[in-house]
Protein chains: 2
Amino acid sequence: MPDLMKSTSEIKILIVEDEPIIARNISMYLDNNDFKVSGIAYDDEEAFAELKNNTPDAVILDINLNSPSDGIDIAAFINKNFHLPFLFLTSYSDRETIQRAKLVEPSGYIVKPFNERTLLASLEIALSNFAQRSNQQAPELKMDKINRHLLSPLTEREYIVVNHIYNGKTNNQVAAAMFVSLNTIKVHIKNAYLKLDASSRTMAVVRLRELMKK
Amino acid sequence: MPDLMKSTSEIKILIVEDEPIIARNISMYLDNNDFKVSGIAYDDEEAFAELKNNTPDAVILDINLNSPSDGIDIAAFINKNFHLPFLFLTSYSDRETIQRAKLVEPSGYIVKPFNERTLLASLEIALSNFAQRSNQQAPELKMDKINRHLLSPLTEREYIVVNHIYNGKTNNQVAAAMFVSLNTIKVHIKNAYLKLDASSRTMAVVRLRELMKK
DNA sequence: TAAAAATTCATCCTTAAGGGTGAATAGAAC
DNA sequence: GTTCTATTCACCCTTAAGGATGAATTTTTA
């Protein structure tokens with residue numbers, strides 16, 4: 001089988017993270033899942049250099065860094081000089097930091113501690129949102145939160161699909177965003193419906209809203 | 001035209017309200033809109049008598065009454081002795097009262113000051129919710145809130161339709177709940193889509209969520 | 001390594017949804 | 001008294017969505 005999937009979605013990611021263990025962890029996850037890590041930056045200077053020299057397609061930014069500029073500053077720099085999606089990697093922060101982070105309009109957030117699935121799903125959804133409309137943020141569901149309330153948890157692909165549906169996309173739009181066929185999307189939707197006890201996209205959205213409230 | 005609509009939806013409403021001006025106001029609204037006011041009770045005793053003698057199909061209850069039992073007490077009595085939908089008519093109340101009101105699981109709330117449209121729409125949605133599933137409450141959109149953010153406001157029927165869509169109903173289910181044909185529902189949906197800048201029910205729901213946040 | 005789960009895709013079929021046009025009726029507004 | 005809006009409905013057509021079945025491939029897990 002020609003791995004069309006892999007070639008089309010091998011997207012170069014820059015990781016900006018001062019803790020080597022976390023950085024390597026993320027790097028391993030991504031390399032095993034159709035992403036290519038173009039570089040790891042441990043401080044602001046390395047981040048600026050990587051951005052210029054290795055032209056990543058997306059950036060994962062830890063907010064707290066051991067350097068003069070933190071992740072939010074680097075994000076502001078990206079907004080000024082590039083047209084790139086970026087996600088913040090963050091622990092629970094104070095309100096001020098969250099406010100500052102929102103101002104630079106990130107394509108997504110990854111909250112520590114995170115698991116592989118959440119990381120990959122957040123990244124894929126962020127890329128899709130960025131591609132469609134850089135300005136407005138589509139609200140993102142939390143897979144962990146949803147799965148906690150389901151007898152049978154959603155798989156990563158099912159989760160991404162229902163997220164798109166939650167944000168009003170048609171099956172064809174979801175297929176385009178995920179680089180797979182319409183048939184595949186329909187299979188994911190059908191399986192997700194079983195788990196969500198729904199039989200239409202609007203019913204699924206109602207169920208998702210209920211699950212998010214709990 | 002045989003007014004099938006009127007005969008099927010001429011529902012008897014009991015109004016429990018100690019302020020005669022408001023009571024007559026509501027009474028007038030309802031009588032002009034395919035509802036029949038079976039009686040007006042100005043205190044608890046009259047309410048109990050009306051419930052027994054005139055067998056209303058639904059009850060609108062002011063919470064604050066000049067009598068030993070208030071609206072919530074009467075609601076509890078209804079729950080115990082009848083199977084009837086009731087709505088609370090309320091001004092801004094203290095938390096305790098709201099907590100008590102929630103315990104008797106009303107089919108809806110009408111908050112003063114209210115206009116004719118909100119009253120009728122709340123009533124119709126409450127009746128529909130009650131008919132479908134007496135136990136769980138479908139979350140209800142606020143027409144005033146939505147309309148405040150639309151260039152062209154939704155009409156009452158359009159609002160009721162999008163409310164049903166928001167709660168996951170199919171067009172056929174909406175038609176059944178509103179006692180009109182599928183064609184009519186489609187017309188309302190199409191017109192609502194224009195106002196909401198949507199072209200599918202899921203997109204409409206996304207827009208409604210956005211409008212409710214503002 | 002074998003079994004189970006996840007992901008991908010195809011084909012076929014039925015129904016739901018969306019969209020266009022036209023039109024009758026009733027009520028409100030002017 | 002005429003115009004405007006809201007509500008209702010019909011007929012038409014196209015596309016989207018939902019559902020069933022079968023199957024190949026990869027990844028994970030036992």
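The sequence lines fix the lettering, A, B, ..., with proteins before strands; numbering per chain opens at 1. Quick caveat, the model's predicted, so the values are computed rather than measured.
Taking atom CD1 of B:Ile165 as the reference point, atom P of C:dA17 lies 9 Å away to the nearest angstrom. Look at CD on B:Gln173: it is 14 Å from C1' on C:dT15, rounded to the nearest Å. The interatomic distance linking A:Leu120 (CG) with C:dA6 (P) rounds to 16 Å, in whole Å. One can place CD1 of A:Ile189 at 15 Å from C1' of C:dT8, the figure rounded to the nearest angstrom. Atom CG of A:Asn183 is separated from atom P of C:dC9 by 8 Å (rounded to the nearest Å). As a whole-Å value, the separation of B:Asn191 CG from D:dT8 C1' is 12 Å. Taking atom CD of residue A:Glu156 and atom P of nucleotide D:dT28, one finds them 11 Å apart after rounding to whole Å. When the P atom of C:dT8 is taken as reference, atom CZ of A:Phe179 falls 12 Å away, rounded to whole Å.
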Working for side-chain contact (heavy atoms from CB on, under 4.5 Å), residues A:Leu51 and A:Ile78: CA-CA 8 Å; A:Leu51 280 165; A:Ile78 292 172; 3.8 Å; yes
What do the steps show when you test B:Val205 against A:Tyr166 for side-chain contact (heavy atoms from CB on, under 4.5 Å), and what is the final call? CA-CA 9 Å; B:Val205 171; A:Tyr166 183 81; over 6 Å; no
Go through it in stages, so that I can follow the logic: the residues are B:Val161 and B:Leu154, the test is side-chain contact (heavy atoms from CB on, under 4.5 Å), and I'd like the CA-CA distance, side-chain angles, deciding distance and then a yes or no. CA-CA 10 Å; B:Val161 169; B:Leu154 296 178; over 6 Å; no
Can you list the steps and then say if A:Met203 with B:Lys169 is a side-chain contact (heavy atoms from CB on, under 4.5 Å)? CA-CA 7 Å; A:Met203 265 179 72; B:Lys169 299 222 180 92; over 6 Å; no
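Which of D:dC9, D:dA17, C:dC9 sits closest to the side chain of A:Arg201 comes down to D:dA17. The A:Arg157 side chain lies nearest to C:dT7 when the options are C:dA17, C:dT7, D:dA17.
One cannot find a donor-acceptor pair under 3.5 Å joining the base of C:dG19 and the side-chain atoms of B:Lys190.
Phosphate contact (OP1/OP2 of C:dT7, side-chain N/O of A:Thr155, threshold under 4.0 Å): present. The side chain of A:Ser199 contributes no N or O atom lying less than 4.0 Å from OP1 or OP2 of D:dG18. Of the side-chain N and O atoms in B:His188, one or more sit less than 4.0 angstrom from OP1 or OP2 of D:dT8. Within the 4.0 Å cut-off from OP1 or OP2 of D:dA16, not a single side-chain nitrogen or oxygen of A:Asn171 is found. Regarding contacts with the backbone of C:dA16, every side-chain N or O of A:Ser200 stays at 4.0 angstrom or more from both OP1 and OP2.
In terms of position on DNA chain C, the residue among A:Val187 and B:Ala198 whose nearest nucleotide sits closer to the 5' end is A:Val187. Along DNA chain C, the nucleotide nearest B:Tyr193 and the nucleotide nearest A:Lys186 are compared for position; the residue whose nucleotide lies closer to the 5' end is A:Lys186.
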Atom pairs and distances, donor-acceptor, side-chain atoms in residues 179-187 of chain B, under 3.5 Å, two or more places apart:
from     : atom 1 : to       : atom 2 : distance (Å)
B:Ser181 : OG     : B:Asn183 : N      : 3.4
B:Ser181 : OG     : B:Thr184 : N      : 3.3
B:Ser181 : OG     : B:Thr184 : OG1    : 3.2

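Within 4.0 Å of A:Thr184, counting heavy atoms only, lies at least one base atom of the nucleic acid.
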